[in-house]
Visitor: 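Questions regarding the structure given below will be posed in turn.
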Amino acid sequence: GSDDGTVGVWEASSGNLISCCEGHEGSVMIVAWSRDGRMIASGSDDGTVGVWEASSGNLISCCEGHEGSVMIVAWSRDGRMIAS
């Protein structure tokens with residue numbers, strides 16, 4: 001995670017930034033890839049869970065409702081749900 005509220009997606013072999021997911025108002029505490037590798041879920045100390053398109057960095061949805069930091073996120077096996 002990052003203190004600047006972003007999630008960076010980097011090419012492992014070159015270190016090039018592929019996309020930057022911007023939208024959290026607090027530090028990013030945790031990230032998790034979907035099983036198909038197309039999406040990333042992120043938890044933040046702003047109490048939200050972001051769901052991002054990995055290739056573009058576009059925010060797909062923002063899940064609100066926690067009153068504190070989101071420390072853990074996990075995808076369901078079918079990729080349809082996220083637990084936080």
Side-chain angles (χ1 to χ4, degrees):
S2 173
D3 284 338
D4 65 5
T6 66
V7 175
V9 180
W10 308 87
E11 186 175 271
S13 60
S14 69
N16 291 332
L17 182 64
I18 296 170
S19 65
C20 184
C21 310
E22 301 178 17
H24 285 295
E25 294 180 10
S27 297
V28 176
M29 308 305 289
I30 186 81
V31 296
W33 286 91
S34 63
R35 290 185 86 111
D36 63 9
R38 293 177 30 209
M39 295 181 287
I40 299 169
S42 59
S44 173
D45 68 3
D46 65 7
T48 65
V49 174
V51 181
W52 313 89
E53 182 179 53
S55 62
S56 68
N58 290 334
L59 181 64
I60 296 169
S61 66
C62 181
C63 310
E64 300 177 10
H66 289 286
E67 293 185 16
S69 299
V70 178
M71 305 299 289
I72 298 290
V73 294
W75 289 86
S76 63
R77 288 185 180 252
D78 63 8
R80 293 179 31 209
M81 295 180 285
I82 299 166
S84 60

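It should be emphasised that the depicted structure is a prediction, and the values quoted were computed from it without experimental measurement.
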Visitor: If you look at every heavy atom in Trp52 and Gly23, which pair is closest and at what distance?
Guide: CH2-N, 3.8 Å

Visitor: Sorted by first residue and then second, give each salt bridge (Lys or Arg N to Asp or Glu O under 4.0 Å) pair with at least one member in residues 7-22; sequence neighbours left out.
Guide: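 Sorted pair list comes back empty.
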
Visitor: Other residues, nucleotides and ligands only: do more than 12 of their heavy atoms fall within 6.0 Å of CG on Asn16?
Guide: yes

Visitor: Look only at the side chain of Ser19 and the backbone of Ala54, and say whether a donor-acceptor pair between them is shorter than 3.5 Å.
Guide: yes

Visitor: Identify, with sequence neighbours excluded, every residue that meets side-chain contact (heavy atoms from CB on, under 4.5 Å) alongside Asp46.
Guide: His24, Glu25, Ser44, Thr48

Visitor: Indicate yes or no for a side-chain donor-acceptor contact from Trp75 to the backbone of Arg35 under 3.5 Å, with no hydrogens or angles considered.
Guide: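 Side chain of Trp75 to backbone of Arg35: no pair is present.
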
Visitor: Considering all heavy atoms of both residues, which atom of Ala41 and which atom of Val73 are nearest to each other, and what is their separation?
Guide: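 For Ala41 and Val73, the tightest heavy-atom pair comes out as O-CG2, 3.9 Å.
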
Visitor: Which heavy atom in Asp3 sits nearest to a heavy atom in Ser27, and how many Å separate them?
Guide: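 Scanning both residues, the minimum pair turns out to be OD1-OG, 3.1 Å.
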
Visitor: Check salt bridge (charged side-chain N to carboxylate O under 4.0 Å, His left out) between Arg80 and all other residues, then give those that pass, not counting sequence neighbours.
Guide: Asp78

Visitor: Shared ILVMFWY cluster between Ile30 and Met39, side chains joined below 4.5 angstrom?
Guide: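 Linked, Ile30 and Met39 end up in one cluster.
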
Visitor: Measure the spacing between CD1 of Ile82 and SG of Cys63 and express it to the nearest 0.5 Å.
Guide: 6.0 Å

Visitor: What's the shortest heavy-atom distance between Val28 and Ser42, and which atoms?
Guide: CG1-CB, 4.1 Å

